[in-house]
Amino acid sequence: MGLIVQKFGGSSVANAERVFNVASRVIDTYDAGNDVVVVVSAQGDTTDDLIEKAKEINDRASKREMDVLLSAGEQISMSLLAMAIEKLGRPVVSLTGWQAGMNTDINYSRARIKRVVGERIQLELDKRKIVIVAGFQGINKYDDITTLGRGGSDTSAVAIAAALGADLCQIYTDVRGVYTADPRIVPEATMLSEITYDEMLELASAGANVLHNRSVELAKKFNVNMEVLSSFEKVPGTIVKEENTVEKMLIRGIARDNDVARISLVNVKDAPGKAFQIFSILAKKKVNVDVILQSIGRDGNKDISFTVATNDLEVALNTLNANNSIIGAETIVHDDNVSKVSIVGAGMTADPGVAATMFEALYDADINIQMISTSEIRISVLIDRKDAEKAVKAIHKKFELHD
Ligand code: ASP
Ligand code: MG
């Protein structure tokens, strides 16, 4: 018995039947004697639908008003789930981000949680109530509603678990856990029983659509026990934690990210300070740069290429073009038909052959690599988008990750 935070994603609460399914799983945990805090996302495609609705009115709506609109999705699911639990005869209360004390910084649309004031939640738990909290939303110092970025409900759940010192934070979803690759691309992908925070963080940042990467960062920082599991099947999921106790796998997983675009500055002067100039101009516009490649200088010139999120492409190109009198590139080109494919595994630090094996898999599949980047436990390549799924399959096979 203890305190358990359970987060249910949009597909888990998509309709009335599923809301009751969630209610009964919550009640199982509650009836076993636990205190339960439940975090919910908006039902099904609600968030996407709300974004479409906004576009019909104003496709340049302010981020503040977008957050007011989008937070409504979670407010619908939290109240419906509370009503289902009421109907099943257990004491329950639903709370918005504001009521639950989810304090964030001022950044609308991608706010970060600064502090969770857990008193109200605790007060309700002390009355033996099941507490439902709207995910994805918080409140900033102006008392305005903020949202945490797409997929942010995971982060709400972990933040609450950390603030209340929960014994476990369960992230319920429509798959059984974390897999070696997206099972929609690789049907024979293996489900992992465990993964480390660092590996999960690299996978999440590399585009594996399982967990919001900020949620893993928080879980690591506050040592929150995390489990990713199915809301439909009652089977154990994947445990995310500091150390693995099971066998060390060389590669824990493969991720594909289509949310990337490449920009190349061709023939900029090969002089000190160029990279600093370019990337500080972009940083001022809050454009995040990912994979960077600089060529060796020839005839006093060099090329600098890098990737950005597709959402940032337009701002990045406009900014670079507007500043090209200072930067001095001969041409600025871009390609948004690219994907980033990454392999992640804590075991690769000790094995010098991992990169070669990955590149061999790509060579065998006749796939050209445009850019490469690495961290201690990750290798990423940028390739043509049309090759991305083929690449994931080929790498999965090469490393024998199948079940
Ligand atoms: N409803 C939000 C989204 O669709 C937050 C979430 O699902 O975690 O991005
Ligand atoms: Mg999600």
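FYI, side chains are in, hydrogens and waters are out, and symmetry mates aren't considered; it's all heavy atoms of this structure. Atoms within each ligand, like the ligands themselves, are counted from 1 in listed order.
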Check your understanding: With sequence neighbours excluded, what pairs up with Asp335 under the side-chain hydrogen bond (donor to acceptor under 3.5 Å, both in side chains) test?
Key ->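 With neighbours one apart ignored, the set is empty.
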Take every heavy atom of [X], measure it against each atom of ligand 1, and state whether any distance is under 4.0 Å.
| X | result |
| --- | --- |
| His212 | no |
| Gly152 | yes |
| Gly9 | no |

**Study point:** Side-chain touch Ile251/Val344, heavy atoms, less than 4.5 angstrom
**Key:**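 In short, these two side chains do not touch, never coming nearer than 4.5 Å.
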Review point. Ion pair present between Arg214 and Asp154, side-chain N to carboxylate O less than 4.0 angstrom?
Key: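 Salt bridge: no.
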Check your understanding: Side chain or backbone of Ser41 under 4.0 Å from ligand 1, or both, or neither, by non-hydrogen atoms?
Key ->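 Contact part for Ser41 vs ligand 1: side chain (C-beta onward).
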Check your understanding: Which pairs count as salt bridge (Lys or Arg N to Asp or Glu O under 4.0 Å) when at least one residue sits in residues 81-107, sequence neighbours excluded?
Key ->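 Sorted pair list: Asp31-Arg90.
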Check your understanding: Which ligand 1 atoms, with their elements, are less than 4.0 angstrom from a heavy-atom of Gly151?
Key ->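 Taking each heavy atom of Gly151 in turn, ligand 1 has 3 (C), 5 (C), 6 (C), 8 (O), 9 (O) under 4.0 Å.
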Practice item. Using a strict cut-off of 4.0 Å, indicate which atoms of ligand 1 neighbour a heavy atom of Arg150. Key: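 Going through ligand 1 atom by atom, the ones under 4.0 Å from Arg150 are 3 (C), 4 (O), 9 (O).
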Review point. Hey, do the aromatic rings of Phe306 and Phe279 have their centres closer than 6.0 Å?
Key: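 So the answer is yes for these two rings.
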Practice item. Consider every N or O of Asp154 and every N or O of ligand 1, then say whether any pair is closer than 3.5 Å. Key: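 Between Asp154 and ligand 1 (N or O atoms, distance only) the closest approach is not under 3.5 Å.
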Exercise for review: Determine whether more than 12 heavy atoms belonging to other residues, nucleotides or ligands lie under 6.0 Å from atom CZ of Arg128.
Suggested key: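 Yes, enclosed.
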